[in-house]
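These notes concern the structure reproduced below.
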There are 2 protein chains.
Amino acid sequence: MSERTRRIPEATVARLPVYLRSLLGLAEDDKAATISSERLAELAGVNAAKVRKDLSYLGSYGTRGVGYDVEYLLFQMSRELGLTHDWPVVIVGVGNLGQALANYGGFTDRGFPIAALVDADPAKVGEMVHGIAVRHIDDLPAIADGAGIAIGIIATPAGAAQEVADRLVAAGITSILNFAPALVTVPAETSLRKVDLAVELQILSFYQQQRAGPRAGVTVARTS
Amino acid sequence: MSERTRRIPEATVARLPVYLRSLLGLAEDDKAATISSERLAELAGVNAAKVRKDLSYLGSYGTRGVGYDVEYLLFQMSRELGLTHDWPVVIVGVGNLGQALANYGGFTDRGFPIAALVDADPAKVGEMVHGIAVRHIDDLPAIADGAGIAIGIIATPAGAAQEVADRLVAAGITSILNFAPALVTVPAETSLRKVDLAVELQILSFYQQQRAGPRAGVTVARTS
DNA sequence: CTGTGCTTGTGAACGTGAACACGTGCGCCC
DNA sequence: GGGCGCACGTGTTCACGTTCACAAGCACAG
């Protein structure tokens, strides 16, 4: 791996947070200063070769015959992931899901404090959720700019998702996490990830169905 | 594709719900009886060849020169995904996230009604959430059995996740969706999917960081 | 200072999924 | 009833990610 090779595969990027989580969870009980790829693999639920290859993209931070220095690895991974500072986020849509996410402490704890809540419904503006006053979505540019927000979360109904995405982009937000069950498109220079909770369940349903025995109790007139 | 080829790739399975969603969203406005792979691809945000290949795994349900019959396709996809009937689910953990998920209508709407809520904390047992009384996790086997629940959702803190998973499996639940930020392992015959909201944000953070210019404002003593 | 053992780093093989291109077959028009 | 055009179905090619296997190299012991 030459000195400036910085093209980290997407699959690897998706695993780095898992390694990070594993290492953080480790610190408590067993304070070993060093960890082997094998052990880290076990903690993260992947295979050891993958761990080594993934970490090698960050640089040669391990010591042969010994393993990786836990503290140093944590530091390097945090730096690479951009987690050396907090990233304030704005949640758009203060319905059930939006409020849920706002109250869920998991974001703030891990470096993503909820800096603002916005909604399109004037009736909701001014409401306090999780100690934050809901503001109107028209103020988005000012809010994002003022608080230095780079990440937006879409928690609206499907119908509003695309328009909200457009407004987020217009407000200068360059990373979007979409919870609405709808396709949204953004400019190439904006990052977009989506989480559709119902889709996850439907995938489980498929395998469940599969196990229950193909075409149990279903009679279909197949021509061929 | 021979008659009984039923090995649907995982990547395809993950896209079927998206196609389904696209077709359902379509029904309203443009009631065309038929749809081309090209148009469906556009709606689902993928490419047309992929749509055709994915759908071909279900069987030859299209008509050359015409497209796919929307109604028939909906029926076949629903059948394949096991969505011809509802799948009641149990949510374990009635903290912020658990309550949030219970109140979020998105599950029930799409065929996954919340049939039960359980928690390990006796103080929470009896509470009403979303019109459902919280029960104790010790009752899980009886609850699952009584309501015919096959899918469980873990919405507990990370520390409890593995034990909850074990209990779900012991109660006869064979599909698990894990929201806790922890690795859980289950027997091979149990399906497991995980959603870690913070990990999604961390991935976004990586690309955000990347764009902001590598090592902006970070001074690291690199030896090599 | 040399040998030994252990774990990393990585080239190469492998497998899976994506993209392509075109043959195939159906409907429609004349 | 024949020909034409269109969109599906699919064999093939290609790219990506995973896995394997082993050489490289560090620490430590003697």
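Each chain gets a letter, A, B and so on, in the order the sequences are listed, and its residues count up from 1.
- Every residue meeting the side chain to side chain contact (heavy atoms under 4.5 Å, CB included) condition with A:Asp166, not counting sequence neighbours, appears here in chain and number order: A:Gln162.
- The side-chain hydrogen bond (donor to acceptor under 3.5 Å, both in side chains) search around B:Asp86 returns none, not counting sequence neighbours.
- Evaluation of the side-chain hydrogen bond (donor to acceptor under 3.5 Å, both in side chains) rule for A:Thr190 yields no partner, not counting sequence neighbours.
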What nitrogen or oxygen pairs link the protein and nucleotides 16-19 of chain C at under 3.5 Å?
| from | atom 1 | to | atom 2 | distance (Å) |
| --- | --- | --- | --- | --- |
| C:dA18 | OP1 | B:Arg15 | NH1 | 2.9 |
| C:dA18 | OP2 | B:Arg15 | NH2 | 3.1 |
| C:dA19 | OP2 | B:Lys50 | NZ | 3.2 |
| C:dA19 | N6 | B:Lys53 | NZ | 3.2 |

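- Residues that satisfy the salt bridge (charged side-chain N to carboxylate O under 4.0 Å, His left out) test with B:Arg167, not counting sequence neighbours, are B:Asp138, B:Glu163.
- The salt bridge (charged side-chain N to carboxylate O under 4.0 Å, His left out) check on B:Arg193 picks up A:Glu200, with sequence neighbours excluded.
- Listed by first then second residue, pairs satisfying salt bridge (Lys or Arg N to Asp or Glu O under 4.0 Å) with a partner in residues 102-113 of chain B read A:Asp196-B:Arg110, not counting sequence neighbours.
- Every residue two or more places apart in sequence or in another chain that forms a side-chain hydrogen bond (donor to acceptor under 3.5 Å, both in side chains) with A:Ser191 is listed here: B:Arg211.
- Axis angle, first five pairs versus last five pairs of the helix from C:dC1-D:dG30 to C:dC30-D:dG1: 0°, rounded to 10°.
- Under the side-chain hydrogen bond (donor to acceptor under 3.5 Å, both in side chains) criterion, B:Thr156 pairs with no residue, sequence neighbours left out.
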- Task: Would you give a per-nucleotide map of nucleotides 22-30 of chain C, 5' to 3', where B means the base has a protein non-hydrogen atom under 4.0 Å away, S means only the sugar-phosphate does, and - means neither?
- Result: -BBBBS---

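- Under the salt bridge (Lys or Arg N to Asp or Glu O under 4.0 Å) criterion, the residue pairs touching residues 51-61 of chain B are B:Arg15-B:Asp54, with sequence neighbours excluded.
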